[in-house]
Amino acid sequence: MLHRALMVLAALVGLSASGPAFADMGQASPWQIKFQDAATPIMEQITHFHNYVTIIIVAITLFVLALMIYVMVRFNEKSNPEPSRTSHNTLLEVAWTVIPIFILVAIAIPSFRLLFAQYDFPKADVTITATGSQWYWTYDYPDEGISFDSIMVPEANLKPGQPRLLTVDNELVVPVGANVVVGLKSNDVIHDWAVPSFGVKLDAVPGRLQQTWFRAEHEGWFYGQCSELCGRNHAFMPIAVHVVSQDEYDAWVASKKSAAIDAKGKVASARD
């Protein structure tokens with residue numbers, strides 16, 4: 001048993017030390033053992049809070065383990081043939097009531113601070129509405145008059161370097177360092193808009209508009225998926241966000257508007 005435990009421990013240590021075991025920024029890695037790298041201030045707070053609570057959990061676990069070992073060694077029948085008949089200990093009972101309260105308060109304070117940061121929406125630099133449908137997303141930029149569907153690219157059509165089950169035909173584009181407020185709604189069933197590197201995960205509920213926000217501080221590609229069981233093709237409803245510079249974003253907006261104008265002109269000509 002000891003030999004097997006040591007082998008499992010060694011395997012876990014080796015896995016944690018290997019590069020592929022750690023998630024990258026923007027998408028998951030095989031056999032990852034931690035969160036994806038944070039790309040937003042909210043995700044940084046989530047990661048810090050997770051690490052903080054993990055330390056508390058480990059400390060409690062080690063203390064209880066040490067206490068159990070002490071009790072088994074000190075108070076077994078061989079070491080203690082005449083057991084104590086003490087039934088109450090006021091100091092001990094006060095301690096195991098008050099100490100957990102202090103632990104919970106120590107967890108609650110940063111937890112409330114994180115919740116406040118998540119739901120305290122800053123002034124929006126970019127406003128987007130994401131509408132979930134079975135099984136794709138529709139994105140609207142109301143201030144820019146832009147609207148498009150975002151559908152997963154089949155594996156057979158992927159280009160080199162594009163991730164499987166995460167690549168879409170029309171990605172969401174936002175400028176780096178901008179406060180992006182995302183309104184979420186659904187056309188049919190409950191969906192969920194989740195991007196791990198942004199620390200964003202919120203349900204899109206039919207008949208209800210919900211809001212979340214993020215501020216990406218790094219350029220690049222960031223992926224997520226619908227995290228609600230929304231039907232047969234639930235696993236094929238990815239989210240792709242391309243964070244670019246302000247100049248690139250302005251050029252993208254201009255190209256989308258130009259394409260929309262051309263499309264309207266072609267429709268009008270066809271009707272005539």
Review point. Does the separation of the ring centres of Tyr141 and Trp252 fall below 6.0 angstrom?
Key: yes
**Study point:** Lys/Arg N to Asp/Glu carboxylate O, Lys257 vs Glu144, below 4.0 Å
**Key:** yes
Polar side-chain atom of [X] near backbone of [Y] as donor-acceptor pair, under 3.5 Å:
X: Thr61; Y: Ile57; result: yes
X: Gln134; Y: Cys230; result: yes
X: Asn170; Y: Asp149; result: yes
X: Thr167; Y: Pro163; result: yes
X: Asn157; Y: Val153; result: no
X: Ser197; Y: Gly26; result: yes

Flag side-chain contact, heavy atom, 4.5 Å: [X] against [Y]:
X: Cys226; Y: Trp193; value: no
X: Glu171; Y: Val241; value: no
X: Val126; Y: Ile128; value: yes
X: Gln118; Y: Leu115; value: yes
X: Phe49; Y: Ser111; value: yes
X: Val173; Y: Val253; value: no
X: Glu44; Y: Thr40; value: no
X: Val176; Y: Glu219; value: yes

[X]-[Y] side chain donor-acceptor pair, cut-off 3.5 Å:
X: Asn76; Y: Ser79; value: yes
X: Glu93; Y: Asn89; value: no
X: Ser133; Y: Asn187; value: yes

Does one hydrophobic cluster hold both [X] and [Y], with members joined at side-chain heavy-atom distances below 4.5 Å?
X: Ile42; Y: Phe121; answer: yes
X: Leu67; Y: Val64; answer: yes
X: Leu184; Y: Ile190; answer: no
X: Val168; Y: Ile151; answer: no
X: Trp135; Y: Phe236; answer: no

Point to revise | Criterion side chain to side chain contact (heavy atoms under 4.5 Å, CB included) on Ile239 and Tyr139, from CA distance to verdict | key: CA-CA 11 Å; Ile239 300 159; Tyr139 296 115; 3.7 Å; yes
Revision key, fill the gap. Asp192 meets the salt bridge (charged side-chain N to carboxylate O under 4.0 Å, His left out) criterion, sequence neighbours left out, with Lys201
Practice item. Under the salt bridge (charged side-chain N to carboxylate O under 4.0 Å, His left out) rule, collect the residues that match up with Glu248, sequence neighbours excluded. Key: none
Heavy atoms only: give me the nearest [X]-[Y] pair and the separation to one decimal.
X: Pro41; Y: Glu217; value: CG-OE2, 3.4 Å
X: Asp203; Y: Glu228; value: OD1-OE1, 3.4 Å
X: Pro196; Y: Met43; value: O-SD, 3.2 Å
X: Gln32; Y: Gln36; value: NE2-N, 4.4 Å
X: Leu165; Y: Pro238; value: O-CB, 3.3 Å
X: Ala204; Y: Ser186; value: O-CB, 3.4 Å

Check your understanding: Leu158 and Arg164: side chain to side chain contact (heavy atoms under 4.5 Å, CB included), yes or no, with the steps?
Key -> CA-CA 7 Å; Leu158 291 176; Arg164 174 178 172 270; 4.1 Å; yes
Review point. Hey, mind stepping through Val189 and His191 against side chain to side chain contact (heavy atoms under 4.5 Å, CB included) and telling me if it holds?
Key: CA-CA 6 Å; Val189 298; His191 299 282; 3.8 Å; yes
Check your understanding: How long is the gap from CD1 on Ile146 to CG on Asp140, to the nearest 0.5 Å?
Key -> 10.0 Å
Take a 6.0 Å sphere around [atom1] of [X] and say whether it holds more than 12 heavy atoms from other residues, nucleotides or ligands.
X: Glu77; atom1: CD; result: no
X: Met68; atom1: CE; result: no
X: Lys256; atom1: NZ; result: yes

Check your understanding: Run the side chain to side chain contact (heavy atoms under 4.5 Å, CB included) check on Val182 and Phe214 step by step: do they pass?
Key -> CA-CA 8 Å; Val182 183; Phe214 64 87; 3.7 Å; yes
Practice item. Please go through Leu166's hydrophobic cluster and name the other residues, only I, L, V, M, F, W, Y counting, with side-chain heavy atoms under 4.5 Å joining them. Key: Trp221, Tyr223
